[in-house]
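One structure below.
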Amino acid sequence: MSFTKEDILRISKEENVRFIRLQFTDLLGTIKNVEIPVSQLEKALDNKMMFDGSSIEGYVRIEESDMYLYPDLSTWVIFPWVTDSRVARLICDVYMPDGTPFAGDPRGILKRCLKEAEELGFTSMNVGPEPEFFLFKTDEKGNPTMELNDHGGYFDLAPMDLGENCRREIVLTLEEMGFEIEASHHEVASGQHEIDFKYADAIKAADQIQTFKLVVKTVARQHGLHATFMPKPLFGMNGSGMHAHQSLFKGNENMFYDESDTLGLSKTARYYMAGILKHARAFAAITNPTVNSYKRLVPGYEAPCYVAWSASNRSPMIRIPASRGLSTRVEVRNPDPAANPYLALAVMLKAGLDGIKRQLELPAPIDRNIYVMSEEERIEEGIPSLPSDLKEALSELIRSQVITEALGEHALAHFYELKEIEWDIYRTQVHQWERDQYITLY
């Protein structure tokens, strides 16, 4: 919905809203907010609300800390789980004191990439995300345990799926907040769940991912559960992905569809996919941004490890769902829900646009199960692997002019520094597996 300043002031009074959270996202994808009383709402709607950016991961130094939050009025929503002293939220863009957009704001980075798409004639990028999550039981203090809430499997029902009631309440809460839910179900692994919501333009889709995470965690806590979007919380089980269905439109025309093509794919779609495949290893550090992300991207657990595409096969990184016409789309399957959604969509769009601009040739589809192919067969077919760990992904990222340009100097420098620190801490840590393996052997 679209709201005016007057609409929001009126609704907040009618609904007895007492506090407003001005939300934004840091470089690592964590939701941040400045909460203000309703008496300050008009000031916020006039873009006059200032905050200290030096305290936010990947933002600015202490000597240049003053920043402003510009609310996007279309994101106004009242949280349904607070009945007294009601709380509403507005998602904001981050600006500098001189009125220019902050170069390190993830939402602003995605907007810059969308502007490039617009200059090429594409009026919108539609995205249908599929973030998965696990539900764990909590202890008497409310801290997460490693005990799963159920041992159901794909599409199981109660009593096997003990997360059913929690998942239903998540769906009802999301619908109350304006989501159009298409399906919800138990996923393959024990305690793993998926809720699919309708596609939207890229900015709204990224906003919805952030709202979705907040709702899932909030409702799960009310059920005595802990929801996690960690990509691979348990060894020997499938990890959680965030498949991203995407297409480019010009007005009401889906530019990925061509009814004369044998697969119904336009040249634009093929160039776009070629760009995604070309830059997949470089943007993996953004779409799969944690040490843990690469524990998911291994053979045997349905996660894509190989840079290839197919119209039906689910082992490659890109799949083409069967729907055609306005629903023609590309499903990129390697991203995980730990990714900053604004940055993840930005780098995938930038990669696809590079394919379109350079008219890159799309490799032949791989319709065999890549997981059962030998390394020699994969090399013969020209199928690269995604990076095997975060360090390799960072090395690929820093060498890519296209992907680093999408992020911009500020975001790139800060993201790279933060992730190098993460890798170094992990690399030098002694893990329980090592103790179990070696302490009596040597």
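Just so you know, residue 1 is the first one in the sequence shown, and it goes up from there. The shown structure was predicted, so the numbers you read here are calculated from the model rather than taken from an experiment.
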Between Ile320 and Trp309, does a side-chain contact (heavy atoms from CB on, under 4.5 Å) hold up when you go through it step by step? CA-CA 8 Å; Ile320 310 301; Trp309 76 280; 4.1 Å; yes

Evaluate side-chain contact (heavy atoms from CB on, under 4.5 Å) for Ile20 paired with Val87, printing each intermediate quantity in order. CA-CA 6 Å; Ile20 295 90; Val87 179; over 6 Å; no

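- For the residue pair Gln192 and Ser240, a side-chain donor N or O sits within less than 3.5 Å of a side-chain acceptor on the partner.
- Distance CD/Gln208 to NZ/Lys213: 13.5 Å, rounded to 0.5 Å.
- The shortest distance between side-chain heavy atoms of Ile421 and Glu417 falls below 4.5 Å.
- With rounding to the nearest 0.5 Å, the separation of CG in Leu349 from CG in Leu248 is 6.5 Å.
- The pair Glu422-Lys419 counts as a salt bridge, with a side-chain nitrogen and a carboxylate oxygen less than 4.0 angstrom apart.
- Asp201 is not listed as a side-chain neighbour of Val127, based on a closest heavy-atom distance of 4.5 Å or more.
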Decide side chain to side chain donor-acceptor pair (under 3.5 Å) for Asn165 and Glu169; before the verdict, give the C-alpha distance in whole Å, the side-chain angles of both, and the deciding distance to 0.1 Å. CA-CA 6 Å; Asn165 290 337; Glu169 191 168 328; over 6 Å; no

Would you please test Leu135 and Arg167 for side-chain contact (heavy atoms from CB on, under 4.5 Å) and show each step? CA-CA 10 Å; Leu135 292 174; Arg167 200 171 63 236; 6.0 Å; no

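- Between Arg333 and Met317 there is no side-chain heavy-atom pair separated by less than 4.5 Å.
- Taking the six-membered ring for Trp, His193 and Phe133 have ring centres closer than 6.0 Å.
- The aromatic rings of Tyr426 and Trp423 are tilted relative to each other, their planes meeting at an angle between 30° and 60°.
- Between the CG atom in Leu22 and the NZ atom in Lys32 there is a gap of 15.0 Å [rounded to 0.5 Å].
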After noting the C-alpha distance and the side-chain angles of Gln210 and Thr25, does the key distance pass the side chain to side chain donor-acceptor pair (under 3.5 Å) rule? CA-CA 9 Å; Gln210 295 297 74; Thr25 297; 3.1 Å; yes

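- Of the possible donor and acceptor atoms, one in the side chain of Asn254 sits under 3.5 Å from a partner among the backbone N and O of Thr328.
- Between Asp354 and Lys350, none of the side-chain N atoms (NZ, or NE/NH1/NH2) sits under 4.0 Å from a carboxylate O, so this pair counts as no salt bridge.
- Taken to the nearest 0.5 Å, the CZ atom of Arg112 stands 10.0 Å off from the CD atom of Glu405.
- Closest heavy-atom contact between Asn340 and Asp26: ND2-O, 3.0 Å.
- Annotation: side chain of Pro131 is in contact with side chain of Phe197 (closest heavy-atom distance under 4.5 Å).
- Note that CZ of Arg296 is 9.0 Å distant from SG of Cys305, once rounded to the nearest 0.5 Å.
- The number of heavy-atom neighbours closer than 6.0 Å to CD of Glu434, taken from other residues, nucleotides and ligands shown, is above 12.
- Ion pairing between Lys232 and Asp336 fails under the 4.0 Å rule for side-chain N and carboxylate O.
- Between Tyr68 and Tyr95, the distance from one ring center to the other does not fall under 6.0 angstrom.
- Side chain of Thr228 to backbone of Met230: a donor-acceptor contact under 3.5 angstrom is found.
- The two residues Pro80 and Thr173 come nearest to each other via the heavy atoms CG-CG2, 3.6 Å.
- With salt bridges taken as basic N to acidic carboxylate O contacts below 4.0 Å, one links Glu392 and Arg281.
- Aromatic ring centroids of Phe122 and Phe249 lie 6.0 Å or more apart.
- Ion pairing of Glu116 with Lys357 is present here, as a side-chain N (NZ or NE/NH1/NH2) and a carboxylate O approach within less than 4.0 Å.
- Within a 6.0 Å radius of NZ in Lys217, more than 12 heavy atoms belonging to other residues, nucleotides or ligands are found.
- A donor and an acceptor atom, one from each side chain of Asn334 and Thr287, are located under 3.5 Å apart.
- For Glu119, the CD atom counts as densely surrounded, since its 6.0 Å shell holds more than 12 non-hydrogen atoms of other residues, nucleotides or ligands.
- Other residues, nucleotides and ligands place no more than 12 heavy atoms under 6.0 Å from the CG atom of Asn252.
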Evaluate the side chain to side chain donor-acceptor pair (under 3.5 Å) criterion for residues Arg378 and Ser385: first the C-alpha distance (whole Å), next the side-chain angles of each, then the deciding distance (0.1 Å), finally the verdict. CA-CA 9 Å; Arg378 292 197 303 272; Ser385 297; 4.7 Å; no

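- Between Thr75 and Pro71 the shortest side-chain heavy-atom distance does not fall below 4.5 Å.
- Residues Ile203 and Leu110 have side chains in contact (heavy-atom distance under 4.5 Å, counting atoms from C-beta outward).
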Assess the residue pair Gln246 and Met125 against the criterion (side-chain contact (heavy atoms from CB on, under 4.5 Å)); give the C-alpha distance rounded to whole Å, side-chain angles, the decisive distance to 0.1 Å, and a yes or no. CA-CA 7 Å; Gln246 48 203 280; Met125 175 196 193; 3.5 Å; yes

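- When ring centroids are compared, Phe51 and Phe24 come within the 6.0 Å threshold.
- Side chains of Pro316 and Tyr306 form no contact here, defined as non-hydrogen atoms less than 4.5 Å apart.
- Note on Asp207 versus Arg107: salt bridge recorded, some NZ/NE/NH1/NH2 to OD/OE distance being below 4.0 Å.
- Ion pairing between a basic and an acidic side chain is recognised when a charged N comes within 4.0 Å of a carboxylate O; Lys137 and Glu147 show such pairing.
- Screening Thr404, Ile276, Ile403 for a side-chain contact (heavy atoms from CB on, under 4.5 Å) with Val347, the sole residue that qualifies is Ile403.
- Using cut-offs of 30° and 60° for the angle between ring planes, the Phe102 and His410 rings count as perpendicular.
- For the 3.5 Å distance criterion, the side chains of His245 and Glu130 qualify, holding a donor opposite an acceptor.
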As a quick check of understanding, evaluate salt bridge (Lys or Arg N to Asp or Glu O under 4.0 Å) for Glu331 and Arg319, giving each step before the final call. CA-CA 5 Å; Glu331 179 188 11; Arg319 186 178 75 90; 2.7 Å; yes

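- With Lys111 as the partner, the salt bridge (charged side-chain N to carboxylate O under 4.0 Å, His left out) test is satisfied by one option alone out of Asp105, Asp93, Asp72: Asp93.
- Here Leu412 contributes atom CG and Leu27 contributes atom CG; the two are 9.5 Å apart, rounded to the nearest 0.5 Å.
- With a 6.0 Å radius and a threshold of 12 heavy atoms from other residues, nucleotides or ligands, Tyr199 has its OH atom at or below the threshold.
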Determine, stepwise, if the pair Arg270 / Glu361 fulfils salt bridge (Lys or Arg N to Asp or Glu O under 4.0 Å). CA-CA 8 Å; Arg270 292 173 180 273; Glu361 183 178 354; over 6 Å; no

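- In this structure, the side chains of Met237 and Ser190 come closer than 4.5 Å at one or more pairs of heavy atoms.
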Evaluate the side chain to side chain donor-acceptor pair (under 3.5 Å) criterion for residues Thr290 and Asn292: first the C-alpha distance (whole Å), next the side-chain angles of each, then the deciding distance (0.1 Å), finally the verdict. CA-CA 5 Å; Thr290 70; Asn292 181 254; 4.8 Å; no

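- Environment of CD in Glu175: crowded, with over 12 heavy atoms of neighbouring residues, nucleotides or ligands closer than 6.0 Å.
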